[in-house]
2 protein chains.
Amino acid sequence: MTTSARTSTRPDLIAILENNGFRVTGPRIEIIKCLEKHPDGFTAEEVAESLSQVSRATVFRTLKLLLGANVLCRLALPGGTPRYSLSREEHHHHTVCVNCGKVGEFKASTMERLLRAIGSEIPGEIVGHNIEFHILCNTCGP
Amino acid sequence: MTTSARTSTRPDLIAILENNGFRVTGPRIEIIKCLEKHPDGFTAEEVAESLSQVSRATVFRTLKLLLGANVLCRLALPGGTPRYSLSREEHHHHTVCVNCGKVGEFKASTMERLLRAIGSEIPGEIVGHNIEFHILCNTCGP
DNA sequence: CTCATTGCAAATGGTTTGCATTGGG
DNA sequence: CCCAATGCAAACCATTTGCAATGAG
């Protein structure tokens with residue numbers, strides 16, 4: 001099993017494939033290399049477009065596979081095309097620029113404390129959440 | 001202008017139409033009556049289905065109109081059909097049951113304080129957010 | 001060898017749009 | 001009356017799927 005630390009903060013996606021019993025194929029390697037070139041997030045379309053050799057279906061199948069392995073997040077701006085982003089942190093939240101679509105991640109300790117506290121105000125058992133902040137990033141901002 | 005308080009906590013949707021310069025038509029009244037019958041949220045499909053006299057296109061056009069007036073929220077469970085929910089409170093967050101899809105609202109003061117505090121941890125100007133809690137409601141829960 | 005994976009093209013599901021018709025104000 | 005709103009059907013867009021061909025282990 002491949003355990004080389006390809007980057008210090010991101011999981012080794014090839015190893016993820018192997019550890020989950022998926023084959024390491026040409027198309028999958030191409031897709032993964034492409035994802036790693038887009039630290040600010042990407043759309044499925046962008047990936048498919050830049051990999052003309054790989055079929056759209058395979059792109060979607062691979063994205064779904066990575067979503068299932070919890071190393072990829074899908075998030076949607078209201079009314080926009082969904083954007084995907086490789087996960088850096090184990091548990092984190094996202095910022096999405098409403099102008100350029102750039103996706104960022106953050107991990108706020110304040111947030112973690114809140115999530116624990118909020119349970120008592122909610123009727124039922126919390127099994128997950130979706131927390132996105134819509135921002136104007138420093139490049140697009142005023 | 002119609003200002004009767006049809007319900008104590010929900011905005012008067014007919015008045016919303018008038019105040020925004022939209023016509024109060026038969027189909028729109030039908031749709032609004034239908035939405036008000038579903039306090040736990042609904043899908044566009046459910047509305048269209050229960051209103052066979054009204055065309056699907058008009059259902060979507062009316063939902064979009066209400067979304068634009070900020071009296072309706074659209075939210076999506078990962079991988080599921082988007083659900084809509086009429087807003088009760090001016091500013092609130094949602095819970096969605098991952099089993100039955102029931103949508104709830106809550107307004108946590110803890111949350112409001114957090115949202116103010118979190119600004120300093122985020123690079124850029126916050127212009128909005130999307131916060132949904134995925135729960136197992138008391139009916140579906142363990 | 002064999003079964004997971006791929007490509008292709010057609011199907012899907014949610015939503016939107018063009019255009020002629022209808023109906024509120 | 002007139003333009004906003006509607007119905008219909010076709011168009012759209014992201015995504016999924018059936019199936020035969022391919023290729024990783």
Side-chain angles (χ1 to χ4, degrees), chain A residues 1-2 13-35 41-69 72-85 96 101, chain B residues 1-2 13-35 41-69 72-85 96 101:
Chain A
M1 122 182 151
T2 305
L13 299 185
I14 302 294
I16 297 283
L17 291 182
E18 292 171 338
N19 294 339
N20 288 62
F22 297 112
R23 291 190 179 168
V24 178
T25 67
R28 283 176 180 165
I29 293 173
E30 288 304 303
I31 292 169
I32 286 173
K33 283 199 298 195
C34 177
L35 304 193
F42 44 84
T43 62
E45 178 61 22
E46 282 164 11
V47 177
E49 206 164 280
S50 72
L51 263 48
S52 51
Q53 338 106 42
V54 179
S55 103
R56 221 179 248 344
T58 297
V59 169
F60 279 105
R61 285 191 267 235
T62 303
L63 291 180
K64 181 183 282 191
L65 188 158
L66 295 172
L67 285 170
L72 182 66
C73 298
R74 177 181 12 215
L75 51 165
L77 271 182
T81 297
R83 291 185 72 84
Y84 297 81
S85 152
V96 193
Chain B
M1 115 184 156
T2 304
L13 299 184
I14 303 293
I16 297 283
L17 290 182
E18 293 170 336
N19 295 340
N20 288 61
F22 296 113
R23 289 189 181 171
V24 179
T25 67
R28 283 176 181 167
I29 292 172
E30 289 304 302
I31 292 169
I32 286 172
K33 282 199 296 194
C34 177
L35 303 194
F42 44 83
T43 62
E45 178 61 22
E46 282 165 11
V47 177
E49 205 163 279
S50 73
L51 264 48
S52 51
Q53 337 107 43
V54 179
S55 102
R56 220 180 242 358
T58 298
V59 169
F60 278 105
R61 283 191 268 237
T62 303
L63 291 181
K64 181 183 281 191
L65 189 159
L66 295 172
L67 285 170
L72 182 66
C73 299
R74 180 182 7 214
L75 51 165
L77 271 183
T81 297
R83 291 186 72 85
Y84 297 82
S85 153
V96 194

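Convention: sequence-line order gives letters A, B, ...; per-chain numbering from 1.
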Testing the basics here: between [X] and [Y], what is the closest heavy-atom pair and its distance to 0.1 Å?
X: A:G41; Y: A:E46; value: O-OE1, 4.4 Å
X: B:A44; Y: B:V59; value: O-CG1, 4.1 Å
X: A:V96; Y: A:G101; value: CG1-O, 3.9 Å

Tell me: [atom1] of [X] to [atom2] of [N], nearest whole Å?
X: A:F42; N: D:dA14; atom1: CZ; atom2: C1'; answer: 15 Å
X: A:L63; N: C:dT5; atom1: CG; atom2: P; answer: 15 Å
X: A:I32; N: C:dT5; atom1: CD1; atom2: P; answer: 12 Å
X: B:Q53; N: D:dT6; atom1: CD; atom2: P; answer: 13 Å
X: B:E30; N: D:dG7; atom1: CD; atom2: P; answer: 11 Å
X: B:N20; N: D:dA5; atom1: CG; atom2: C1'; answer: 16 Å
X: B:R28; N: C:dG23; atom1: CZ; atom2: P; answer: 15 Å

It should be established whether A:S55 places a side-chain nitrogen or oxygen under 4.0 Å from OP1 or OP2 of nucleotide C:dT6.
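Checking C:dT6 against A:S55, no side-chain N or O comes under 4.0 Å of OP1 or OP2.
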Please enumerate all protein N or O atoms sitting under 3.5 Å from an N or O of nucleotides 20-22 of chain C, with distances to 0.1 Å.
none

Output side-chain donor-acceptor pairs under 3.5 Å for residues 61-68 of chain B, partner residues at least two apart or in another chain, one line each.
| unit_1 | atom_1 | unit_2 | atom_2 | d |
| --- | --- | --- | --- | --- |
| B:T62 | OG1 | B:T58 | O | 2.9 |

Non-neighbouring partners of B:E45 that pass side chain to side chain contact (heavy atoms under 4.5 Å, CB included), sequence neighbours left out:
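Side chain to side chain contact (heavy atoms under 4.5 Å, CB included) check on B:E45 returns B:T43, B:E49, B:R56.
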Protein-nucleotides 13-17 of chain C N/O pairs closer than 3.5 Å?
| unit_1 | atom_1 | unit_2 | atom_2 | d |
| --- | --- | --- | --- | --- |
| C:dG14 | OP1 | B:T81 | OG1 | 3.1 |
| C:dT15 | OP1 | B:Y84 | OH | 3.3 |
| C:dT16 | OP1 | B:K64 | NZ | 3.3 |

Within residues 19-28 of chain B or reaching into it, pairs that qualify as salt bridge (Lys or Arg N to Asp or Glu O under 4.0 Å) - sequence neighbours excluded
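The answer is none; no pair qualifies.
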If you restrict it to nitrogen or oxygen atoms, what contacts under 3.5 Å exist between nucleotides 21-25 of chain D and the protein, and what is each distance?
| unit_1 | atom_1 | unit_2 | atom_2 | d |
| --- | --- | --- | --- | --- |
| D:dG23 | N2 | A:R23 | NH1 | 2.9 |
| D:dA24 | N3 | A:R23 | NH1 | 3.3 |

Just how far is it from atom CG of A:L72 to atom CG of A:L13, taken to the nearest 0.5 Å?
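Separation between the atoms: 8.5 Å.
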Just how large is the angle between the end axes of the helix from C:dC1-D:dG25 to C:dG25-D:dC1, five pairs per end, to 10 degrees?
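Taking five pairs per end, the axes differ by 30°.
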